[in-house]
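Quick caveat: nothing in here was measured; it's all calculated off a predicted structure.
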Amino acid sequence: MTKSVVNEFDSIVKEQFVLNLPEFSTKKIDDLKIGVAVSGGADSVSLLISLCHIFNSKKNPLNVITVNHFIRPEEETCGDVFFVKELCNSLKNEGFNLELKIIDLEKGEIENLAKKRKCGIEEAARFVRYSWFEKFICEKNLDCLCLAHNKNDQMETLLMRFLQGSSGEALSGIKQLREKYFRPLLVIEREEIEKYLNEQKIDWRTDKTNFDTNYLRNKIRHKLVPLLDEEFVGWKTALQNGVEKSSFDSEIIEKRRKKVEFIMEKNCVKIPLEEFDSLLFGEKVRELINAANLLGCDKRIPYGFLKDVINSAKKMEVKNSFCKKFLDVEIKIQNKNLFVKKADNSYTDVHFFAIIENEGNYDFPFGEMKVVRKDDFGTIFVNGKNVDSDFKFPFCVHNLRLNDEIENSEGKLKKIADIFSDWHVTEEDRALIPIFQELQTEEQQNICIIADFLGYKNWIVRK
């Protein structure tokens, strides 16, 4: 990478600010009050360096924040903070105007919060990190806080959301500007970022967990993306074009679709059932999601749950009253009205248990399960995919229970909770993963875990 390409990198980053100036509180780029979150990785280091080049006047300092979560080995996480501190000192010695704020969390703080909120470690860390970001934005009166998501992150996010069955706005990917969070590197690929740093002989830190393919994003990054690069030339362009077209379609649909008027009551949204029934199926899905978002329910709501609610609402025998819950969303029909409420529930409030005695289509919080009978056995399809194992009738389907175990390859029993920990399954996903239990034997053992539809593995006991 030549000096001119380094300049081109900086020019591309600067152009993103210029293009978004109408959204900021000033019309002059030199008047912007900029912050940047730096972890020590290549992406955030390149962003910091580029911002120093672009905003090198003495008028407003570049405000830098780094957060030490203490969720990795101390030598790694403290090493990252030390690296960021030394890098900022070096830049200050070169004459760049910047200020660094280091946030050291208490050891065990993230783990305790994860237990309290009944969520995964990564989600708890993100919650705390963004809480500090919000304080930092207010404290420094920033026009924007820059985050270092790049074009590769965008592609991975789109693939991940597609594989998770997302639709609508979720498939539009990471937003470059959302409120005061700005991502100027979304148009730059990771390869160019590393070239930019190597040309200037600038080092960066590497998080070892980025190579753990038990995480869905890492599995996509290290397994799926290389396959697509090798076998499907131009897939990134095709994906991006598809997303843009979907976004245009969503705009048209959103503008022209029939909507109902939300009636805000205490901690809930009320929709007259007669109005809800008049909507098309897709309109009903959007209205339920919009109502949940309006109440601040920020968890991904499975399509299978929404479909179950809509289909149940159509049945005359439940028109008088029913109530269904998923995580922090509660939807009920009562007195000819549909109510969407934010429930103060933990992930452990999601339970399902069913004994399957014959073939048919079954709705669960994780989606659809189809059972096709062959003599005394049932062939199972979860969300349209064959489970690759037959179960003798009757059998049971349930989510994780206390002390659930399953046989491993050595014929020994292992706790399913430990398996989920090995797979880095989030608390949200733990509640959705179906476990199949045989009922024909005296032991009535669990014989199958199906989790590939959420990006994890399957565990099938072969007899």
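- Heavy atoms of other residues, nucleotides or ligands lying less than 6.0 angstrom from NZ of Lys219 number more than 12.
- Phe211 and His222 have their aromatic ring centers within a separation under 6.0 angstrom.
- Heavy-atom neighbours of Tyr130 OH from other residues, nucleotides or ligands within 6.0 Å: above the threshold of 12.
- Counted within 6.0 Å of CD on Glu106, heavy atoms from surrounding residues, nucleotides or ligands total 12 or fewer; the atom is thus considered open.
- When atom types are taken as modelled, the side chain of Asp404 and the backbone of Arg401 share a donor-acceptor pair closer than 3.5 angstrom.
- For the salt bridge (Lys or Arg N to Asp or Glu O under 4.0 Å) test, residues two or more places apart in sequence or in another chain that qualify with Lys385 are Asp452.
- The side chain to side chain donor-acceptor pair (under 3.5 Å) check on His149 picks up Arg183, with sequence neighbours excluded.
- Aromatic rings of Phe136 and Phe133 (six-membered ring for Trp) have centroids beyond the 6.0 Å cut-off, not under it.
- The aromatic rings of Phe436 and Phe395 are tilted relative to each other, their planes meeting at an angle between 30° and 60°.
- Counting non-hydrogen atoms of other residues, nucleotides and ligands closer than 6.0 Å to NZ of Lys180 gives a total above 12.
- In this structure, Trp459 and Trp423 have tilted ring planes: the angle between them lies in the 30° to 60° band.
- A salt bridge links Lys107 with Glu74; the closest basic N to acidic carboxylate O contact falls under 4.0 Å.
- Pairs engaging residues 90-100 under the salt bridge (charged side-chain N to carboxylate O under 4.0 Å, His left out) rule: Glu99-Lys140 [sequence neighbours left out].
- Not counting sequence neighbours, the partners of Asp207 by the side chain to side chain donor-acceptor pair (under 3.5 Å) test are Thr209.
- By the neighbour-count criterion of 12 heavy atoms within 6.0 Å, atom NZ of Lys370 is sparsely surrounded, having that number or fewer from other residues, nucleotides or ligands.
- Taking the centre of each ring, Phe420 and Tyr456 stay at or above the 6.0 Å mark.
- A salt bridge (charged side-chain N to carboxylate O under 4.0 Å, His left out) check over residues 76-85, counting only residues at least two apart or in different chains, returns the pairs Arg72-Glu76, Arg72-Asp80, Glu76-Lys208, Asp80-Arg205.
- In this structure Arg190 satisfies the salt bridge (Lys or Arg N to Asp or Glu O under 4.0 Å) test together with Asp153, Glu156, sequence neighbours excluded.
- Ring geometry for Phe453 against Phe366 counts as tilted: the plane angle lies between 30° and 60°, on a 0 to 90° scale.
- In this structure, His53 and Phe96 have tilted ring planes: the angle between them lies in the 30° to 60° band.
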So Lys195 and Glu191, salt bridge (Lys or Arg N to Asp or Glu O under 4.0 Å) or not? Walk me through it. CA-CA 6 Å; Lys195 286 181 180 179; Glu191 182 181 3; 3.5 Å; yes
